[in-house]
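What follows is a single structure, written as structure tokens, with notes after it.
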Amino acid sequence: MPELPEVETVRRGLHRLIIGRSVARVSHDTPKSFPNSPQDVHSFVVGASVTDVRRRAKVLMIDLSTLYTLVVHLKMTGQLVLVGQTRFGAGHPNDSLVGSLPDKSTRVTIDFVDGSQLYFNDQRKFGWMKLMPTDEVPHMTFMKKVGPEPLEADFTSWQFAARFTRRAKTSIKAALLDQTVIAGVGNIYADESLWGAHIHPKRLVHTITAAEFQHLYTELRIVMNLAIDKGGSTNQNYVNAEGKRGSYMDFARVFRREGLTCPHCGAEIIKFKAAGRGTHICPVCQVV
DNA sequence: CACTTGACCTGTCCGC
DNA sequence: TGCGGACAGGTCAAGT
């Protein structure tokens, strides 16, 4: 569920909260969630301080002063939550979605010297946190294959359309979800942007016109920028670095709104399966 | 190579 | 109340 806007929201929170903090101790459970050896953790994490928090696509990178990086993918149910002096510093306590930590979903706990803790929680264990030298991160298979960042200032609608030519015979929704085409798009913002561009998700890529690609490019950027502004979408259990919900779902036009009316034409929103995912459209505004 | 499907997990919800 | 099954969705391996 965490897509580009949610991961970016976590990045901004962590960037504000943990840079400069020094690691006192690390504990973790399964190799699946954290595959590195205790020796590596002791050598390159304990005693290190956080120097930067970066994002590429849906992947977070916590850079350490040892020139090692904790690379994190939240997949569907991952959370990175800091508990410490600043946790209740802002916002309303009712915004919080997490109880006391650690809990049964906690996979990794990083204790900082100042007494705060960073928890990596992941109910379904699809996510992971990996330690590797910072200069090796760009050489990960994922990093080499992933497409361009859709919100970068120099990313044009021409480049956007050109990325899809390789996937001419698949559906536009499957292509949007393909991380090697465009980085960071997931199920929520695929549905929202396709609604905004009046494109049916099952349309084949080669039938999409240049004007429609232009429209989709614009809608995708509008929707993702709005979602970042709203702190992301909390559909199930996404929370930011302070354990708080995002509010984009209050602004969603079709996602998870089956049976409600289309904000554009008033028709009833329907749900079906496309590209293997639950898919929401207005059957009047979006036709095959 | 392009494309689709199933596997990875756990919790929740729905019908019986 | 319990119980089985569908569903949630990001990515990769394995299939056609």
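Just so it is clear: chains get the letters A, B, ... in the order the sequence lines come, proteins before strands, and each one is counted from 1.
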Flag yes if A/Leu70 and A/Val59 sit in one hydrophobic cluster, no otherwise; membership is Ile, Leu, Val, Met, Phe, Trp, Tyr, and two members link when side-chain heavy atoms are under 4.5 Å apart. no
When hydrophobic residues are tied together by side-chain contacts of less than 4.5 Å, even through go-betweens, does A/Phe34 share a cluster with A/Val46? yes
Test of understanding: with salt bridge (Lys or Arg N to Asp or Glu O under 4.0 Å), list the residues that count as partners of [X], not counting sequence neighbours.
| X | value |
| --- | --- |
| A/Asp111 | A/Arg25 |
| A/Glu268 | none |
| A/Glu192 | A/Arg253 |

Can A/Arg16 and A/Glu242 be counted as an ion pair, charged N to O under 4.0 angstrom? yes
Testing A/Asn36, A/Leu64, A/Asp40, A/Ile62 one by one against A/Val45 for a side chain to side chain contact (heavy atoms under 4.5 Å, CB included), which residue passes? A/Leu64
With a 4.5 Å heavy-atom cut-off, do A/Leu82 and A/Ile18 have their side chains touching? yes
Which residues satisfy the ring pair (Phe, Tyr, Trp, His ring centres under 6.0 Å) test with [X], sequence neighbours excluded?
| X | answer |
| --- | --- |
| A/Phe120 | none |
| A/Phe44 | A/Tyr68 |
| A/Tyr217 | A/Phe160 |
| A/Phe272 | A/His200 |

Among residues 164-175 of chain A, which ones have heavy-atom contacts with DNA chain B below 4.0 Å? A/Arg166, A/Arg167, A/Ala168, A/Lys169, A/Thr170
How does DNA chain C look in dot-bracket form if you count Watson-Crick and G-U pairs under 3.5 Å, write [ ] for pairs that cross, and put | where a base pairs with another strand? .|||||||.|||||||
Name the atoms and distances for all side-chain donor-acceptor pairs under 3.5 Å in residues 176-187 of chain A, with sequence neighbours left out.
| from | atom 1 | to | atom 2 | distance (Å) |
| --- | --- | --- | --- | --- |
| A/Asp178 | OD1 | A/Thr180 | N | 2.8 |
| A/Asp178 | OD1 | A/Thr180 | OG1 | 2.8 |
| A/Asp178 | OD2 | A/Arg167 | NH1 | 2.3 |
| A/Asp178 | OD2 | A/Thr180 | OG1 | 3.4 |
| A/Gln179 | OE1 | A/Gly184 | N | 2.9 |
| A/Gln179 | NE2 | A/Leu177 | O | 3.2 |
| A/Gln179 | NE2 | A/Val185 | O | 2.9 |
| A/Thr180 | OG1 | A/Arg166 | NH2 | 2.9 |
| A/Asn187 | OD1 | A/Lys173 | NZ | 2.6 |
| A/Asn187 | ND2 | A/Gly278 | O | 3.0 |

Any N/O pairs under 3.5 Å between the protein and nucleotides 10-13 of chain C? List them or say none.
| from | atom 1 | to | atom 2 | distance (Å) |
| --- | --- | --- | --- | --- |
| C/dG10 | OP2 | A/Asn187 | N | 3.2 |
| C/dG10 | OP2 | A/Arg277 | NH1 | 2.8 |
| C/dG10 | O3' | A/His73 | NE2 | 3.4 |
| C/dT11 | OP1 | A/His73 | NE2 | 2.5 |
| C/dT11 | OP2 | A/Lys58 | NZ | 3.1 |
| C/dT11 | OP2 | A/Gln179 | NE2 | 3.4 |

Separation between the P atoms of C/dA13 and B/dC9, rounded to whole Å: 14 Å
Give the first and the last nucleotide of DNA chain B, reading 5' to 3', that has any atom under 4.0 Å from a heavy atom of chain A. B/dA2 to B/dG11
Using a heavy-atom cut-off of 4.0 Å across all strands, would you classify A/Phe272 as base, sugar-phosphate, or nothing? nothing
